[in-house]
Number of protein chains: 2
Amino acid sequence: FKEFKAQSVSEFFKKNAAMLGYTGKIRSLTTIVHEGVTNSLDACEEAGILPEISVWVEELGTEHYRVTMEDNASGIPLEYVPQVFGRMLAGSKAHRNIQSRGQQGIGVSGAVMFSQVTTGKPTSFLTSTGDTHIVKGRVQLDVKRNLGEIVDKEKLHNTSGWRGTVIAHEAKGVLYNKSRYSPYNYLRMTSIANPHARITFIEPDGTRILFERSTTLVPKPPKAIKPHPYGITPDDLLTMASNTDAKKLGAFLEKEFVRISSAKAEEIASLSGVSLAQQPARLSWDDAERVVNAFKATKFFAPPTEGLRPIGGEEIAKSLTSTLSPEFTQTITRAPQTFRGGILFVVEAGLAYGGKAGKGGIEIIRYANRAPLIFDQGGCAITEAVKSVDWKRYGVRDVEKVPLTVFVNIVSTHVPYTSAGKQALAMEEEIHAEVRYALMDCGRALSRFLAGKRKLYERRSK
Amino acid sequence: FKEFKAQSVSEFFKKNAAMLGYTGKIRSLTTIVHEGVTNSLDACEEAGILPEISVWVEELGTEHYRVTMEDNASGIPLEYVPQVFGRMLAGSKAHRNIQSRGQQGIGVSGAVMFSQVTTGKPTSFLTSTGDTHIVKGRVQLDVKRNLGEIVDKEKLHNTSGWRGTVIAHEAKGVLYNKSRYSPYNYLRMTSIANPHARITFIEPDGTRILFERSTTLVPKPPKAIKPHPYGITPDDLLTMASNTDAKKLGAFLEKEFVRISSAKAEEIASLSGVSLAQQPARLSWDDAERVVNAFKATKFFAPPTEGLRPIGGEEIAKSLTSTLSPEFTQTITRAPQTFRGGILFVVEAGLAYGGKAGKGGIEIIRYANRAPLIFDQGGCAITEAVKSVDWKRYGVRDVEKVPLTVFVNIVSTHVPYTSAGKQALAMEEEIHAEVRYALMDCGRALSRFLAGKRKLYERRSK
Ligand SMILES: Nc1ncnc2c1ncn2[C@@H]1O[C@H](COP(=O)(O)OP(=O)(O)OP(=O)(O)O)[C@@H](O)[C@H]1O
Ligand SMILES: Nc1ncnc2c1ncn2[C@@H]1O[C@H](COP(=O)(O)OP(=O)(O)OP(=O)(O)O)[C@@H](O)[C@H]1O
Ligand SMILES: [Mg+2]
Ligand SMILES: [Mg+2]
């Protein structure tokens with residue numbers, strides 16, 4: 001045991017950078033873009049701002065690039081800069097029950113780490129919250145202590161009242177191309193699911209590509225949603241009880257959960273045998289188990305719909321039509337459900353048949369909280385759910401050749417990813433079932449369309 | 001930014017327990033067994049002890065089990081018990097360049113956390129380093145602070161001089177069955193790759209299964225291996241330079257790397273233009289880049305073979321034959337190579353054709369450092385490498401029906417996993433290439449065998 005040592009979370013992710021998506025030259029570059037763009041979209045949406053995002057990739061040498069990203073979001077107060085850019089597991093989203101693309105507090109610090117480790121250089125930033133000055137500087141990450149350090153900074157006069165953030169990462173051992181895994185396709189997929197964002201992309205050869213917004217409707221800022229009693233575990237209940245400021249169990253149940261009225265709280269008390277006057281912080285494990293069992297025996301309304309922001313069936317159909325020119329599309333947004341821990345989620349799906357749909361067989365397009373999942377398709381529960389559908393029943397003769405694109409978007413206050421790289425969903429039974437129902441629902445419409453097409457074909461050939 | 005907060009690494013993995021393998025009822029139970037057994041095997045091997053491991057799974061209620069694991073390893077000194085069982089990112093393996101099944105310092109703390117979160121109960125332990133007393137107690141994990149706490153303990157007289165560790169986790173929301181993903185199959189696969197271990201398994205219905213050892217040869221304890229200059233990055237060099245006690249660059253190069261003699265160090269100095277008298281801690285990024293470029297331009301002997309412990313072609317063939325009774329087997333152990341960071345690895349592979357081989361098409365059996373990879377086959381680089389081989393060239397007509405089992409084991413001082421659950425390898429070009437070469441080599445032998453078989457068949461049917 002003389003060798004026994006602890007390490008910091010940054011040391012762990014530096015050694016295991018593949019877990020954050022920094023594996024392979026093309027994916028590493030796209031991951032840097034992904035971390036910046038998801039943060040910008042989240043910050044814009046939270047502040048109710050129509051996103052103007054630009055991404056500029058410059059080639060500085062062989063496998064040596066600089067990625068500069070600018071947004072018009074809320075800006076980052078100077079005192080938070082070291083934590084935002086240099087401290088893993090620190091952020092504004094991880095501990096809140098809110099739909100957002102980020103949820104770990106690791107993303108941008110990971111990009112700072114990767115570029116620092118490959119070039120020895122800090123990350124440059126420029127940010128303002130819209131007040132009288134703009135802060136410009138460079139920041140790096142102290143891996144051993146998991147802390148951010150501002151290397152240098154200066155304050156500039158903010159004459160135009162600019163608000164937003166610009167980040168520039170320099171990285172080596174990365175590569176730009178226009179494959180399915182490149183920054184170009186990532187931004188295209190991002191604009192499909194975020195019709196309110198205008199994204200400008202400048203490629204290394206100087207080509208400017210504008211992904212114009214197709215709606216000026218700003219999605220209502222996501223709202224923190226309380227957990228629903230279904231799916232709560234005794235440990236969740238105890239953790240919530242230790243963090244609440246409600247003095248009694250009754251008030252705690254009504255305040256911290258959705259769908260629990262005072263009448264419902266009474267019902268729970270009588271079913272569980274735990275008094276509503278009990279102080280939440282003094283609940284025992286047995287009490288918690290009894291309350292949770294009472295939840296399971298009680299009828300609650302379904303989770304509310306206003307907290308989550310799906311893309312919407314119409315928007316999905318519009319996007320599928322404009323990118324694939326299919327003969328047939330069908331979309332669906334299912335009702336909210338819950339999985340482990342009372343976590344709300346909504347599944348929406350779409351099918352596109354014919355035109356440019358399919359890639360020599362079924363093509364799967366996956367999103368989580370409107371962020372595209374480009375990598376790790378093989379290890380994703382969405383892929384498994386798509387494969388588990390018996391497509392033959394819906395008129396698909398050969399899954400290896402059919403011109404069919406399957407679109408799935410999961411929105412939730414906590415997306416269960418398989419790894420910190422956030423590109424694949426872990427298997428949760430409730431999510432798997434919902435994806436299947438959504439696809440089978442669309443499948444039935446597809447089967448009617450294909451039957452009609454076949455009839456038409458047979459009539460003509462008679 | 002009023003909501004900005006940091007969280008501990010245990011809070012992160014509690015919320016994202018799926019990243020540690022606690023997803024689904026069957027997998028969660030097997031993951032608890034996996035964490036305990038890999039630790040026991042590691043501890044036995046490090047101490048040069050022939051492993052005697054027993055695993056006992058008891059059903060206490062519906063989806064409520066207790067898993068008790070005992071080993072005859074070195075035991076855990078009392079002062080380390082809180083860190084071993086209750087602190088994530090603390091251990092004896094993460095910071096050493098040594099082949100071991102564990103490498104993150106998270107495993108057993110994850111199992112403590114999962115069982116505590118599902119039952120509210122601490123984990124029981126019994127341990128002795130072989131001295132006069134045995135410590136018995138219970139330990140839990142303080143999630144907010146990522147610290148272990150001994151709930152209660154007592155010291156017992158160690159009359160028999162017993163040495164080892166017993167751990168008992170109680171967990172809910174888990175399930176025992178005998179599928180491919182169950183503890184039973186996990187232990188069977190473990191015993192195939194660890195012929196020196198005797199593993200006793202007691203099922204919930206009381207059935208005792210003995211996986212007897214097939215060799216009494218204790219593998220030589222793994223040795224810490226220094227990195228090889230190929231694959232080193234400037235950041236690696238600077239990190240090593242800041243941790244070395246060598247006073248000059250020359251001594252640093254000779255001491256901290258394999259295959260660098262004083263003559264080689266001279267060559268590197270003249271190629272890079274960096275003086276050997278330079279103090280390692282004062283190397284700049286530019287110096288480091290020049291030295292690394294000089295490494296790339298220098299010829300070094302291949303990495304040494306004595307540090308890594310592959311299973312061995314003979315043992316693999318023996319195991320494949322005894323479990324699958326195939327008509328044909330072919331195995332290979334490739335020479336050591338390096339990937340990113342100068343990390344040594346060896347690929348060994350085997351094919352088994354006929355008999356019980358294959359599962360309605362190619363079956364893949366994966367190992368890393370002799371630990372079976374049961375889950376996440378879809379997202380693993382080994383699977384991709386197996387699929388990338390053109391099996392038709394080796395006489396395999398139909399990959400969906402062929403009775404072929406492909407066995408791959410990767411040994412390394414650092415296995416690049418895709419997530420902290422350690423069940424799938426991330427894509428590293430060098431590893432992917434080596435797996436392909438190993439399989440193509442075995443494939444050539446298979447193709448000769450199948451051609452022979454066909455000739456025989458044709459001769460007979462004339
Ligand atoms: N462009 C930005 N504008 C405003 N705030 C930002 C911006 N980028 C990051 N932040 C803030 O910094 C925090 C840390 O960002 P980071 O990407 O590390 O984590 P995250 O987005 O919370 O989660 P994840 O690790 O899943 O991405 C965010 O939570 C947010 O509060
Ligand atoms: N049965 C055991 N006997 C002796 N020492 C043990 C035993 N189990 C754990 N340890 C010690 O406790 C440490 C922590 O174990 P843990 O499983 O958390 O991490 P690890 O094995 O180092 O890495 P990983 O997270 O990859 O499993 C180990 O590094 C080892 O030093
Ligand atoms: Mg983020
Ligand atoms: Mg371990």
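Naming: A, B, ... by sequence-line order, numbering from 1 per chain.
For K93(A), no part lies near chain B; criterion is any non-hydrogen pair under 4.5 Å. Of the two parts of T129(A), neither the backbone nor the side chain holds a non-hydrogen atom closer than 4.5 Å to a non-hydrogen atom of chain B. Contact of S284(A) with chain B is not made at all, since no heavy-atom distance falls under 4.5 Å. For chain B, no part of V143(A) is nearby; none of its heavy atoms comes within less than 4.5 Å. Looking at E429(A), only its side chain comes within 4.5 Å of chain B, counting heavy atoms on both sides. For F375(A), no part sits under 4.5 Å from any heavy atom of chain B, backbone or side chain. With a 4.5 Å cut-off on non-hydrogen atoms, I76(A) touches chain B through its backbone and its side chain both. For a residue to count as touching a neighbouring chain, one of its non-hydrogen atoms must lie under 4.5 Å from one of that chain's; by this rule Q377(B) does not touch chain A. Interface remark: F1(A) contributes backbone and side-chain atoms alike to the contact with chain B (heavy atom separation under 4.5 Å). Both the backbone and the side chain of Q104(A) come within contact range of chain B, judged by heavy atoms closer than 4.5 Å. In this structure, no portion of K387(A) lies under 4.5 Å from any heavy atom of chain B.
Between chain A and the options A288(B), G105(B), A17(B), G379(B), the largest number of non-hydrogen pairs under 4.5 Å is found for G379(B). Chosen from A420(B), A426(B), G21(B), the residue pairing most often with chain A at heavy-atom distances under 4.5 Å is A420(B). The greatest number of non-hydrogen atom pairs below 4.5 Å with chain B, out of G120(A), G91(A), A424(A), is found for G91(A). Note: R96(B) leads K121(B), R96(B), M427(B) in heavy-atom pairs under 4.5 Å with chain A. The candidate from Q103(A), K14(A), R87(A) with the greatest count of non-hydrogen atom pairs under 4.5 Å with chain B is K14(A). Counting heavy-atom pairs under 4.5 Å between each of S419(A), G421(A), P77(A), P234(A) and chain B puts S419(A) at the top. Considering only heavy-atom pairs separated by less than 4.5 Å from chain A, the leading option among T118(B), L238(B), T119(B), D286(B) is T119(B). The candidate with the highest count of non-hydrogen atom pairs below 4.5 Å against chain A, out of F12(B), Y417(B), F4(B), is F4(B). Considering only heavy-atom pairs separated by less than 4.5 Å from chain A, the leading option among G24(B), A94(B), S8(B), P416(B) is A94(B). When each of G378(A), A18(A), C380(A) is checked for heavy-atom pairs under 4.5 Å with chain B, G378(A) comes out on top. Counting heavy-atom pairs closer than 4.5 Å to chain B, the top-ranked of the candidates N16(A), T383(A), D236(A) is N16(A).
The shortest distance between side-chain heavy atoms of E11(A) and L89(B) does not fall below 4.5 Å. Contact check for V9(A) versus M88(B): no side-chain heavy atoms found under the 4.5 Å cut-off.
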K172(B) and T233(A): CA distance, side-chain angles, deciding distance, side-chain hydrogen bond (donor to acceptor under 3.5 Å, both in side chains) verdict: CA-CA 11 Å; K172(B) 286 188 178 169; T233(A) 67; over 6 Å; no
side-chain hydrogen bond (donor to acceptor under 3.5 Å, both in side chains) evaluation trace for S92(A) with K2(B): CA-CA 8 Å; S92(A) 57; K2(B) 59 181 186 316; over 6 Å; no
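Annotation for E400(A): atom CD does not count as buried by contact number, only 12 or fewer foreign heavy atoms lying within 6.0 Å. The number of heavy-atom neighbours closer than 6.0 Å to NZ of K15(A), taken from other residues, nucleotides and ligands shown, is above 12.
Checked by atom type and distance alone, the side chain of H95(B) pairs as donor or acceptor with a backbone atom of E3(A) at under 3.5 Å.
Closest heavy-atom contact between V117(B) and D235(A): O-CB, 3.1 Å.
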